[in-house]
Amino acid sequence: MGTAAVLPQLPPARGPLSGQLVDLLRSGPDTPVRAGAAPAGAHDAWGEDVQLALYLCYELHYRGFQEVDPETEWDPRVLELRRPLEQGFLDAVRDALGTVPSLDDQLEALLIEPVHGTGPSYHLLERGQRWQAREYLVQRSLYHLKEADPQAWAIPRLHGAAQAALVAIEYDEYGAGHPERVHSRLFADMMADLDLDPSYGRYLPLTPAPALAVVNLMSLFGLHRALRGALVGQFAAVEITSSPGSERLATALEGLGAGSAGTAFYREHVEADAVHEQVVRHGVIGALLEDEPALEADIAFGLAAAALVEDRLASHLLACWDANRSSLLAPLRDAPRGVGSGRGR
Ligand SMILES: [Fe+2]
Ligand SMILES: [Fe+2]
């Protein structure tokens with residue numbers, strides 16, 4: 001699959017902040033931009049406008065957009081807009097979390113996998129429909145089509161044993177030398193198997209704020225060296241919780257008619273993340289705490305924050321599916337039409 005040739009287009013704005021940013025990005029680095037958006041603090045940090053604006057800012061550090069000059073990545077006006085947005089987002093995450101449990105308590109709790117859980121993977125396994133599985137992949141696609149990239153920012157920020165262990169996991173995520181095994185490629189192949197468009201960023205216009213927040217959190221942690229402890233916590237949350245959920249999703253997708261390419265991504269994660277879990281616990285977190293014990297609270301914060309944004313996305317998905325309506329901003333062609341714009345994709 002090509003990469004540079006399939007850059008996404010800028011999505012439609014969702015309010016004044018994302019509108020201001022879309023104008024700025026489209027205009028290029030040297031064009032003055034209109035003022036007028038309300039200060040970022042006046043907006044809902046979890047809302048569509050703020051989350052899309054943040055997503056646009058962060059995407060400039062990954063692949064960018066078709067019509068946006070790559071130099072815009074370091075346009076001071078973009079950075080100036082971004083700063084209060086990410087501060088507002090961080091504050092909202094801290095407010096929602098309240099007192100964060102200790103790192104040990106959180107790691108211990110993650111060892112226990114509920115027999116009767118309630119998340120989207122349980123829903124899809126027990127009573128999921130094909131359109132819901134397709135929505136699930138769309139909701140996840142912004143992250144999984146750049147899987148491991150946000151955590152790669154951690155590499156130059158760790159040292160010694162913690163760095164070696166993190167890179168060992170990242171090496172697997174990037175296919176261990178085999179392009180057809182790169183996890184983002186496996187995800188793209190799965191999307192195609194489920195009749196979805198696997199182009200990078202293709203579904204950004206349909207992706208609601210709760211799913212954007214999941215990706216924005218890791219980009220935020222990744223792009224701030226000061227938050228490297230939180231990034232390691234987020235990384236650990238993904239690696240530790242992935243294996244049993246992946247098993248359920250692979251089985252669910254198989255039951256909903258997916259072919260072998262449609263389950264390979266999750267099958268891979270059943271095996272790989274059982275190993276990664278151990279490496280991240282002892283190799284990454286253990287070694288990092290030996291080097292920098294002061295980061296313990298940040299790692300705990302990252303773990304809790306990752307669980308928070310995942311829970312918010314799960315609540316959104318289940319609330320929509322239980323009401324038999326699409327969880328996307330506009331339904332895919334096989335989803336119920338009752339709520340949403342009614343435009344099929
Ligand atoms: Fe992976
Ligand atoms: Fe992994």
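By convention here, the first residue in the shown sequence is residue 1. Just so you know, these numbers come straight off a predicted model, no measurement behind them.
For the atom pair Leu166 CG and Ile155 CD1, the distance stands at 6.0 Å (nearest 0.5 Å). Taken to the nearest 0.5 Å, the CG atom of Asp322 stands 8.5 Å off from the CD atom of Gln132. Expressed to the nearest 0.5 Å, how far CG of Leu227 lies from CE of Met218 amounts to 14.5 Å. Between Ser121 atom OG and Tyr136 atom OH the span is 6.5 Å, to the nearest 0.5 Å. Taking CG from Leu256 and OG1 from Thr263, the interatomic distance works out to 12.0 Å, rounded to the nearest 0.5 Å. Taking CG of Leu25 as the start and SG of Cys57 as the end, the distance is 7.0 Å to the nearest 0.5 Å.
Counting only heavy atoms from C-beta outward, the side chains of Leu303 and Leu110 approach each other to under 4.5 Å. The side-chain heavy atoms of Val50 and Asp44, taken from C-beta on, include no pair separated by under 4.5 Å. Taking 4.5 Å as the limit, every side-chain heavy atom of Thr207 sits out of range of all side-chain heavy atoms of Leu329. Leu332 places none of its side-chain heavy atoms less than 4.5 Å from the side chain of Ser326. Two residues are said to be in side-chain contact when any heavy atoms from C-beta on lie closer than 4.5 Å; Leu186 and Tyr266 fail this criterion. At a threshold of 4.5 Å between non-hydrogen side-chain atoms, the residues Leu54 and Leu212 do not count as touching. Annotation: side chain of Ser243 is in contact with side chain of Val270 (closest heavy-atom distance under 4.5 Å). The side-chain heavy atoms of Pro11 and Phe65, taken from C-beta on, include a pair separated by under 4.5 Å.
A donor-acceptor pair is defined here as one N or O able to donate and one able to accept, closer than 3.5 Å; no such pair exists between the side chain of Asn324 and the backbone of Pro336. Side-chain atoms of Gln163 come within 3.5 Å of backbone atoms of Leu158 as a donor-acceptor pair (strictly under, hydrogens ignored). Asp193 places no side-chain N or O within donor-acceptor distance of the main-chain N or O of Ala258, the cut-off being under 3.5 Å. Side-chain N or O atoms of Arg134 include one that pairs as donor or acceptor with a backbone N or O of Asp195 at under 3.5 Å. Judged by distance alone, with hydrogens and angles left aside, the side-chain atoms of Glu126 form no donor-acceptor pair with the main-chain N or O of His123 at under 3.5 Å. Checking side-chain atoms of Gln51 against main-chain N and O of Pro208 turns up no donor-acceptor pair under 3.5 Å. Distance alone, capped at 3.5 Å, places no donor-acceptor pair between the Thr72 side chain and the Val68 backbone. Of the possible donor and acceptor atoms, none in the side chain of Gln139 sits under 3.5 Å from a partner among the backbone N and O of Ala211.
Within the structure, salt bridge (Lys or Arg N to Asp or Glu O under 4.0 Å) pairs that include any residue of residues 160-178 do not occur (at least two apart or interchain). Residue pairs meeting the ring pair (Phe, Tyr, Trp, His ring centres under 6.0 Å) criterion with at least one partner in residues 69-100, sequence neighbours excluded, are Trp46-Phe89, His61-Trp74. Pairs passing the side-chain hydrogen bond (donor to acceptor under 3.5 Å, both in side chains) check and including a residue from residues 249-262, sequence neighbours excluded, read Glu254-Arg267. The ring pair (Phe, Tyr, Trp, His ring centres under 6.0 Å) contacts involving residues 276-304 comprise Phe221-Phe301, where partners must be two or more places apart or lie in separate chains.
What you find for Ser18 and Leu52 is that their closest heavy atoms are CB-CD2, 3.9 Å. Nearest heavy atom pair, residue Tyr203 against residue Asp197, reads OH-N, 2.8 Å. The shortest heavy-atom contact between Leu145 and Arg63 is O-NH2, 4.0 Å. Listed here is the closest heavy atom pair of Val284 and Ala162: O-CB, 3.8 Å. Residues Arg337 and Arg333 approach most closely at NH2-O, 2.9 Å, considering heavy atoms.
For Arg157, there are no side-chain hydrogen bond (donor to acceptor under 3.5 Å, both in side chains) partners at least two apart in sequence or on another chain. Take Glu67 and apply the side-chain hydrogen bond (donor to acceptor under 3.5 Å, both in side chains) test, not counting sequence neighbours, and it matches no residue. Scanning for salt bridge (Lys or Arg N to Asp or Glu O under 4.0 Å) contacts around Arg225 gives an empty result, with sequence neighbours left out. Residues satisfying the salt bridge (Lys or Arg N to Asp or Glu O under 4.0 Å) test with Arg281, not counting sequence neighbours, are Glu277. Applying the ring pair (Phe, Tyr, Trp, His ring centres under 6.0 Å) rule to His144 yields the partners Phe187, Phe265; only residues at least two apart in sequence or on another chain are considered. Qualifying salt bridge (Lys or Arg N to Asp or Glu O under 4.0 Å) partners for Arg94, counting only residues two or more places apart in sequence or in other chains: none.
Side chains of Trp321 and Glu135: a donor on one and an acceptor on the other come within 3.5 Å. No side-chain donor from either of Glu48 and His43 sits under 3.5 Å from a side-chain acceptor of the other. Side chains of Asp273 and Ser242: a donor-acceptor N/O pair is present below 3.5 angstrom, by distance only. A donor-acceptor contact closer than 3.5 angstrom is absent between the side chains of Tyr143 and Asp149.
Look at Asp334 and Arg130 and you find no salt bridge, because none of the NZ, NE, NH1 or NH2 atoms lies under 4.0 Å from a carboxylate O. Taking the charged nitrogens against the carboxylate oxygens, Arg83 and Glu86 do have a contact shorter than 4.0 Å, which makes a salt bridge. Taking the charged nitrogens against the carboxylate oxygens, Arg82 and Asp75 have no contact shorter than 4.0 Å, which rules out a salt bridge.
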Taking only distance into account, with no hydrogens and no angle test, what donor-acceptor pairs under 3.5 Å do side-chain atoms of residues 286-299 form with protein atoms, sequence neighbours excluded?
unit_1: Glu292; atom_1: OE1; unit_2: Arg228; atom_2: NH2; d: 2.5
unit_1: Glu292; atom_1: OE2; unit_2: Arg228; atom_2: NE; d: 3.4

Contacts under 3.5 angstrom, residues 305-317 side chains, donor-acceptor by atom type, not counting sequence neighbours:
unit_1: Glu310; atom_1: OE1; unit_2: Arg140; atom_2: NH1; d: 3.4
unit_1: Glu310; atom_1: OE1; unit_2: Arg140; atom_2: NH2; d: 2.7
unit_1: Glu310; atom_1: OE2; unit_2: Arg140; atom_2: NH1; d: 3.2
unit_1: Ser315; atom_1: OG; unit_2: Asp311; atom_2: O; d: 3.0
unit_1: His316; atom_1: NE2; unit_2: Ser327; atom_2: O; d: 2.9

Point to revise | From CA spacing to verdict: side chain to side chain donor-acceptor pair (under 3.5 Å), Tyr62, Ser219 | key: CA-CA 10 Å; Tyr62 298 103; Ser219 299; 2.9 Å; yes

Exercise for review: Kindly determine whether Leu142 and Tyr200 satisfy side chain to side chain contact (heavy atoms under 4.5 Å, CB included), including the steps that lead there.
Suggested key: CA-CA 7 Å; Leu142 294 181; Tyr200 181 89; over 6 Å; no

**Study point:** Derivation of the side chain to side chain donor-acceptor pair (under 3.5 Å) call for Tyr122 and Arg248
**Key:** CA-CA 7 Å; Tyr122 289 95; Arg248 285 189 290 277; 3.1 Å; yes

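Partner of Pro198 under the side-chain contact (heavy atoms from CB on, under 4.5 Å) criterion, out of Met191, Arg185, Met190: Met191 alone.
Linking Ile, Leu, Val, Met, Phe, Trp and Tyr residues whenever their side-chain heavy atoms come within less than 4.5 Å leaves Val238 and Val182 in two separate clusters.
Within 6.0 Å of atom CD in Glu108, 12 or fewer heavy atoms from other residues, nucleotides or ligands are found, so the atom counts as exposed in its surroundings.
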